[in-house]
Q: 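Input: one structure, supplied below.
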Amino acid sequence: MKGVKELSFPVIGDFRGNLIALEGNKDIPFDVKRVYYIFDNKQDVVRGKHAHYNLKQVIFCPSGQCDFMLDNGEEKKTITLSSPDKAIYIEGNVWREFTNFSKGCSVVVLASEHYDESDYIRNYDDFIKAVK
Ligand code: T46
């Protein structure tokens with residue numbers, strides 16, 4: 001889907017368990033400037049409901065699972081994130097809504113820029129105008 005790629009991270013495992021190491025500009029396709037995470041989500045809420053003009057993000061669930069509905073203005077797709085080694089990379093102007101948080105779900109986001117509210121498109125009609 002234009003603007004979205006699915007990533008798989010290499011898992012380093014031994015008898016003690018597993019480890020995933022993520023390096024900027026290697027495993028993550030940009031220089032990571034910000035990390036944030038979302039946790040203790042209520043199961044029936046919708047988060048997101050916005051797009052970004054410039055931000056690049058890699059998003060994954062190290063525990064639990066949730067659904068990401070992605071919409072690039074031409075196509076919509078829902079991806080369930082449910083494994084610490086699976087991620088989505090969003091690099092374009094893509095509307096996202098995330099729902100169906102399982103108990104104990106946490107979502108980690110690695111972002112290419114510092115927080116900037118002016119990079120958000122929080123109105124769906126404005127998003128459609130921006131992508132057309
Ligand atoms: C996204 C999805 C996956 C900050 O002060 N700094 C930050 O870096 C972020 C991300 C948020 N905030 C403040 C802004 C709001 O007052 O935290 C509050 C909640 O943010 P928001 O409603 O945007 O949260 P989500 O979960 O809907 O969206 C977030 C990110 O904002 C967004 O970039 O793609 O996670």
Side-chain angles (χ1 to χ4, degrees):
M1 175 181 188
K2 197 172 124 206
V4 179
K5 283 188 194 135
E6 293 181 60
L7 305 180
S8 284
F9 301 139
V11 178
I12 306 167
D14 63 25
F15 69 94
R16 298 166 296 177
N18 292 322
L19 181 152
I20 292 175
L22 303 173
E23 298 194 13
N25 290 317
K26 284 164 93 178
D27 312 277
I28 304 303
F30 51 79
D31 211 7
V32 178
K33 288 203 181 145
R34 178 167 51 118
V35 176
Y36 57 92
Y37 35 99
I38 296 160
F39 55 100
D40 282 350
N41 297 290
K42 304 291 171 284
Q43 277 169 307
D44 51 356
V45 296
V46 181
R47 295 200 71 130
K49 295 182 106 172
H50 59 255
H52 287 279
Y53 288 107
N54 293 314
L55 190 67
K56 296 178 184 144
Q57 293 159 294
V58 168
I59 304 174
F60 56 97
C61 276
S63 63
Q65 71 171 60
C66 71
D67 291 338
F68 269 78
M69 192 285 290
L70 301 159
D71 173 356
N72 62 14
E74 292 169 6
E75 190 189 345
K76 290 184 187 180
K77 183 173 182 179
T78 297
I79 296 175
T80 301
L81 287 178
S82 59
S83 176
D85 63 334
K86 299 284 184 262
I88 50 175
Y89 171 37
I90 306 179
E91 61 174 334
N93 191 346
V94 176
W95 187 265
R96 78 288 306 273
E97 297 184 5
F98 35 127
T99 55
N100 295 327
F101 298 96
S102 70
K103 203 166 185 316
C105 172
S106 56
V107 180
V108 176
V109 182
L110 309 180
S112 64
E113 305 298 333
H114 295 148
Y115 178 67
D116 175 8
E117 186 58 38
S118 70
D119 187 59
Y120 282 74
I121 310 175
R122 292 197 184 268
N123 176 287
Y124 188 76
D125 293 337
D126 293 343
F127 160 71
I128 290 295
K129 277 184 212 147
V131 289
K132 294 293 173 202

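One-based numbering, in listed order, for ligands and for the atoms of each.
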Q: Could you say whether the N/O atoms of Tyr120 and ligand 1 ever approach to under 3.5 Å?
A: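 Such a contact does occur with ligand 1.
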Q: State whether the shortest distance between N or O atoms of Tyr115 and N or O atoms of ligand 1 falls below 3.5 angstrom.
A: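 No, no N or O pair falls under 3.5 Å.
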Q: Can you find a heavy atom in the side chain of Asp85 that is under 4.5 Å from one in the side chain of Ile20?
A: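 Side chain of Asp85 against side chain of Ile20, heavy atoms only: contact under 4.5 Å found.
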Q: Which residue holds the protein heavy atom closest to atom 28 (O) of ligand 1, what is that atom called, and what is the gap in Å?
A: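 For atom 28 (O) of ligand 1, the nearest protein heavy atom is His50 CE1, 3.2 Å.
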Q: Is Glu91 salt-bridged to Lys2, cutoff N-O under 4.0 Å?
A: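 Looking at Lys2 together with Glu91, the answer is no, because their closest N to O distance does not fall below 4.0 Å.
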Q: Angle between ring planes, Phe127 versus Tyr124, binned at 30° and 60°: parallel, tilted or perpendicular?
A: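 Geometry flag for Tyr124 against Phe127: tilted rings.
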Q: Check this for me: does any side-chain nitrogen of one of Glu6 and Lys77 sit under 4.0 Å from a carboxylate oxygen of the other?
A: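 Between Lys77 and Glu6 there is a salt bridge, with a charged N closer than 4.0 Å to a carboxylate O.
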Q: Is the distance between the ring centroids of Phe60 and Phe9 less than 6.0 Å?
A: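 Under 6.0 Å, so yes.
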Q: Quick one: look at Ile38 and ligand 1, take heavy-atom pairs under 4.0 Å, and tell me if it's side chain, backbone, both or neither.
A: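 Within the 4.0 Å criterion, Ile38 contacts ligand 1 through side-chain atoms alone.
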Q: Of all the non-hydrogen atoms in the protein, which one sits nearest to atom 34 (O) of ligand 1, and at what distance?
A: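 So the nearest neighbour among protein heavy atoms is Arg96 NH1, 2.6 Å.
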Q: At what distance is the nearest protein heavy atom to atom 23 (O) of ligand 1, and which residue and atom is it?
A: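 Result: Arg122 NH2, 3.1 Å.
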Q: Does ligand 1 have a heavy atom under 4.0 Å from the side chain of His114, from its backbone, from both, or from neither?
A: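 The answer is neither; His114 stays 4.0 Å or more away.
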Q: For ligand 1, which is the ligand I care about here, please tell me if Phe98 has any N or O atom under 3.5 Å from one of the ligand's N or O atoms.
A: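 N/O-N/O distance below 3.5 Å does not exist for this pair.
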Q: Checking a contact table here: which protein heavy atom is nearest atom 30 (C) of ligand 1, and how many Å away?
A: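 Answer, as residue, atom name and distance: Tyr36 OH, 3.2 Å.
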Q: Write out the residue and atom name of the closest protein heavy atom to atom 27 (O) of ligand 1, then the distance separating them to 0.1 Å.
A: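 Residue, atom and distance for the closest contact: Gly48 N, 2.8 Å.
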Q: Regarding Ser8 and Lys86, do their side chains bring together a donor and an acceptor under 3.5 Å, going by distance alone?
A: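 There is such a pair between these side chains.
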Q: Okay, side chain of Ser112, backbone of Lys56: is any donor-acceptor separation there less than 3.5 Å?
A: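 Yes.
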Q: With a 4.0 Å cut-off on heavy atoms, is His52 in contact with ligand 1?
A: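 Yes; His52 lies near enough to ligand 1 that a heavy-atom distance drops under 4.0 Å.
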Q: Can we say Lys49 and Glu97 salt-bridge, meaning some charged N sits less than 4.0 Å from an Asp/Glu carboxylate O?
A: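 Salt bridge between Lys49 and Glu97, a charged N being under 4.0 Å from a carboxylate O: no.
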Q: Return yes when at least one protein heavy atom is under 4.0 Å from atom 32 (C) of ligand 1, and no when none is.
A: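 Under 4.0 Å from atom 32 (C) of ligand 1, at least one protein heavy atom found.
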Q: Does Glu113 reach ligand 1, in the sense of a heavy atom lying below 4.0 Å from it?
A: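 False for this residue.
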Q: Give me the residue, atom name and distance of the protein heavy atom closest to atom 26 (O) of ligand 1.
A: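 Going atom by atom, the protein heavy atom closest to atom 26 (O) of ligand 1 ends up being Arg47 NE, 2.7 Å.
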Q: Checking side-chain polar atoms at under 3.5 Å, does Gln57 have a donor or acceptor matched by the opposite partner on Arg96?
A: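 A pair is found: one side chain offers a donor N or O, the other an acceptor, under 3.5 Å apart.
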Q: Hey, is atom 17 (O) of ligand 1 touched by any protein heavy atom at less than 4.0 Å?
A: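 False for atom 17 (O) of ligand 1.
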Q: Considering non-hydrogen atoms of the protein only, which is the closest contact for atom 8 (O) of ligand 1, and what is the distance?
A: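 Checked against all protein heavy atoms, atom 8 (O) of ligand 1 sits closest to Arg34 NH1, 2.4 Å.
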Q: Can Asp67 and Thr80 be counted as having a side-chain donor-acceptor contact under 3.5 angstrom?
A: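 There is such a pair (donor and acceptor under 3.5 Å, judged by atom type) between the side chains of Asp67 and Thr80.
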Q: Show me which atoms of ligand 1 lie under 4.0 Å from any heavy atom of Gln57.
A: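 Checking each atom against Gln57, I get 1 (C), 32 (C), 33 (O), 34 (O).
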Q: Over 60° means perpendicular and under 30° means parallel, so tell me whether Phe30 and Tyr89 are parallel, tilted or perpendicular.
A: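 Ring orientation of Phe30 relative to Tyr89: tilted.
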